[in-house]
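Please read the structure below before turning to the comments.
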Amino acid sequence: MSTLKVNIEDIFEFATQDQVQSMKNAFEQNLKVLHNKIGKGNEYLGWLNLPSSITNDDLHSISECANSLREKSEIVVVVGIGGSYLGAKAVLEALNHSFSGLLPSNSPQIIFAGHNICEDYHSELLELLDNRSYSIVVISKSGTTTEPAIAFRLLKQHLESKVGKEEASSRIVAITDAAKGALRQHSTQEGYKTFIIPDNVGGRYSVLTPVGLLPIAIAGYSIEQLVKGAASAEEQNGQNISFDDNLACQYAAARNALYKNGYNIEIMVNYTPKLHYLTEWWKQLFGESEGKENKGIFPAGVDFTTDLHSLGQYIQEGQRIIFETVISVANTNKTLKIPEDSENLDELNYIAGRRLSDVNRMAQMGTTLAHLDGKVPNINIEIPEINEYWLGYLIYFFEKACALSGYYIDVNPFDQPGVEVYKKNMFALLGKKGYEEQGKLLREILEE
Ligand code: PA5
């Protein structure tokens, strides 16, 4: 039976088996605390049983909306940032043809906006949309985040002037809080179709709500399979699964054993560019969840073998504070062999007839051995293949491991107080009402 595999054997030169085993009680206890909803941030545990509680009706109404947008749009612009952006982006990048933007397709192209405030990016997006038929999905849990609010204002006005206010309203879907925030108010006023982000699901844990599911369904992928994979992960890493069989606990314990021994940076490694954004999503999940109170492992990412020709040098020989978590994919979806060449000028004939995935696997094995030699501990997480099911599985697996890890270092893994600091400075510098004093102070510092 295909299953997720977690191999922590290659950490034991750097942290002992006893160290990991000694965490068993703490993790089993934290599992209870999490499921009994008595720990830090317990008002944000809606994600915990989300996969098993999504109903067919929920999925149906998301699919229905997705189909209606698919029918009327060449492009769907998904507006959001952070947790309202990265989950869908990760799944779409993993499932899309690598050159989907250049190929004809029956599905609309999904383009993201509102995850930066770059003038060129958004100007060029509007230029592109001038001659395309498009719809907008705007996502913001708080409904007040500046970046997506700016993008949405631009896009809404563009769409309205292109197709008229009434048609524009039928092409805009908002995903936001049930009652609070400017986006909810705006949607009610304009009569947009809306979906709700439950109160008890935080942004970075929201990919299995309409936040992730609607864009994924619009792109034509099976949200049923995604949720099914997540539901398997929910069951297999559940409350009654003991530490020894609970892979989310094992992964969380292994990384914390390394952290205790001075390994402060975890690099997520992939050997396929399709997983680049899964790493970005994972970075956000762990970075925002654990990085507080002067604690937490710094989550970083590399794409191998590409980055073996850049950051590979640092990993091999730089400061010994890094460990790697490799996401291995057992089977590719396509087959390609290296051809024979009669001239053999590149001297590759010794691998002619072999599949690229075979060469990639040898690169992976060689790299792991080299990095172990260079004293870089290694955790390996293997999925059988990249598809909706296994992406859903990984998403839930990491959410669970992250929550448990956060409890282990005694932080609230569901808030992000640090994110507010830049926002306040930005508002003060922009002259927003209520921030006058801080604006004065900041300008004085800048003029010094
Ligand atoms: O994880 C989080 O809560 C954040 O990253 C949010 O998702 C991000 O700040 C966007 O917030 P919102 O959906 O309220 O616009």
Side-chain angles (χ1 to χ4, degrees), residues 2-17 20 93-94 98 247 250-251 254-255 257-258 261-280 282-283 297-341 344-386 390 394 398:
S2 46
T3 164
L4 181 97
K5 294 181 187 152
V6 175
N7 182 347
I8 60 168
E9 290 300 311
D10 285 338
I11 72 161
F12 291 130
E13 194 191 327
F14 313 96
T16 64
Q17 299 227 23
V20 175
E93 288 290 315
S98 302
L247 297 182
Q250 298 247 334
Y251 164 59
R255 61 196 292 282
L258 292 168
N261 292 3
Y263 294 92
N264 292 332
I265 299 174
E266 177 175 13
I267 301 187
M268 175 162 278
V269 178
N270 65 62
Y271 282 81
T272 160
K274 287 181 177 291
L275 295 184
H276 175 85
Y277 274 95
L278 185 77
T279 300
E280 294 302 310
W282 169 89
K283 275 160 59 179
I297 298 168
F298 183 81
V302 289
D303 301 326
F304 284 170
T305 60
T306 313
D307 289 330
L308 284 171
H309 299 259
S310 66
L311 289 174
Q313 171 60 38
Y314 191 99
I315 296 170
Q316 188 71 46
E317 295 183 345
Q319 279 195 75
R320 303 300 71 190
I321 50 170
I322 291 168
F323 67 98
E324 291 177 313
T325 294
V326 180
I327 305 294
S328 305
V329 183
N331 300 299
T332 54
N333 289 320
K334 305 212 166 126
T335 307
L336 186 62
K337 289 184 176 169
I338 295 166
E340 191 70 48
D341 184 278
N344 196 29
L345 288 176
D346 52 15
E347 297 181 0
L348 283 180
N349 276 354
Y350 78 105
I351 47 171
R354 289 176 77 166
R355 290 181 57 182
L356 261 70
S357 54
D358 186 23
V359 179
N360 209 11
R361 197 168 306 114
M362 295 309 130
Q364 179 172 337
M365 284 163 65
T367 304
T368 301
L369 290 172
H371 289 179
L372 284 171
D373 243 9
K375 307 296 175 208
V376 179
N378 187 287
I379 298 173
N380 194 285
I381 298 176
E382 185 186 279
I383 54 168
E385 61 195 299
I386 297 178
W390 286 109
L394 274 181
F398 281 126

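Fair warning: this is a prediction, and the values are worked out from it, not measured in the lab.
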At what distance, to the nearest 0.5 angstrom, does [atom1] of [X] lie from [atom2] of [Y]?
X: Leu308; Y: Gln313; atom1: CG; atom2: CD; value: 11.0 Å
X: Leu4; Y: Leu394; atom1: CG; atom2: CG; value: 6.0 Å
X: Leu247; Y: Asn7; atom1: CG; atom2: CG; value: 10.5 Å
X: Thr279; Y: Ile327; atom1: OG1; atom2: CD1; value: 7.0 Å
X: Ser98; Y: Glu93; atom1: OG; atom2: CD; value: 9.0 Å
X: Leu278; Y: Thr272; atom1: CG; atom2: OG1; value: 10.5 Å

Candidate pair Ile381 and Phe398, rule side chain to side chain contact (heavy atoms under 4.5 Å, CB included), full reasoning: CA-CA 11 Å; Ile381 298 176; Phe398 281 126; 3.9 Å; yes
I'd like to check [X] versus [Y] (side-chain heavy atoms, cut-off strictly below 4.5 Å). Are they in contact?
X: Thr305; Y: Asn360; answer: yes
X: Asp358; Y: Arg361; answer: yes
X: Gln319; Y: Tyr314; answer: yes
X: Ile379; Y: Phe323; answer: yes
X: Thr325; Y: Tyr251; answer: yes
X: Phe304; Y: Glu324; answer: yes
X: Asn378; Y: Ile11; answer: no
X: Trp282; Y: Pro299; answer: yes

For [X] and [Y], work out which heavy atoms get closest and say how close.
X: Lys337; Y: Gly353; value: CD-O, 3.4 Å
X: Gln364; Y: Ser328; value: NE2-OG, 2.7 Å
X: Pro377; Y: Leu372; value: CA-CD2, 4.3 Å
X: Ser2; Y: Pro384; value: CB-CG, 3.5 Å

Give a yes or no answer on whether the side chain of [X] reaches the backbone of [Y] with a donor-acceptor pair at less than 3.5 Å.
X: Asn380; Y: Ile8; answer: no
X: Arg320; Y: Gly374; answer: yes
X: Asn349; Y: Asp341; answer: yes
X: Asn261; Y: Phe14; answer: yes
X: Gln316; Y: Ala370; answer: yes
X: Asn270; Y: Val326; answer: no

Answer yes or no: does atom CZ of Phe12 have more than 12 heavy-atom neighbours from other residues, nucleotides or ligands under 6.0 Å? yes
Would the number of heavy atoms belonging to other residues, nucleotides or ligands and lying under 6.0 Å from CD of Glu340 be above 12? yes
Among all residues two or more places apart in sequence or in another chain, which pass the salt bridge (charged side-chain N to carboxylate O under 4.0 Å, His left out) test with Lys283? Glu280
Can you check side chain to side chain contact (heavy atoms under 4.5 Å, CB included) on Ile338 and Leu356, steps first, answer last? CA-CA 7 Å; Ile338 295 166; Leu356 261 70; 3.7 Å; yes
Suppose the criterion is salt bridge (charged side-chain N to carboxylate O under 4.0 Å, His left out): which pairs have a residue in residues 368-386, not counting sequence neighbours? Lys5-Glu382, Glu13-Lys375
Take Ile267 and Val376 through the test side chain to side chain contact (heavy atoms under 4.5 Å, CB included) and record every step on the way to the result. CA-CA 10 Å; Ile267 301 187; Val376 179; over 6 Å; no
Verdict with reasoning, Asp303 to Tyr271, per side chain to side chain contact (heavy atoms under 4.5 Å, CB included): CA-CA 6 Å; Asp303 301 326; Tyr271 282 81; over 6 Å; no
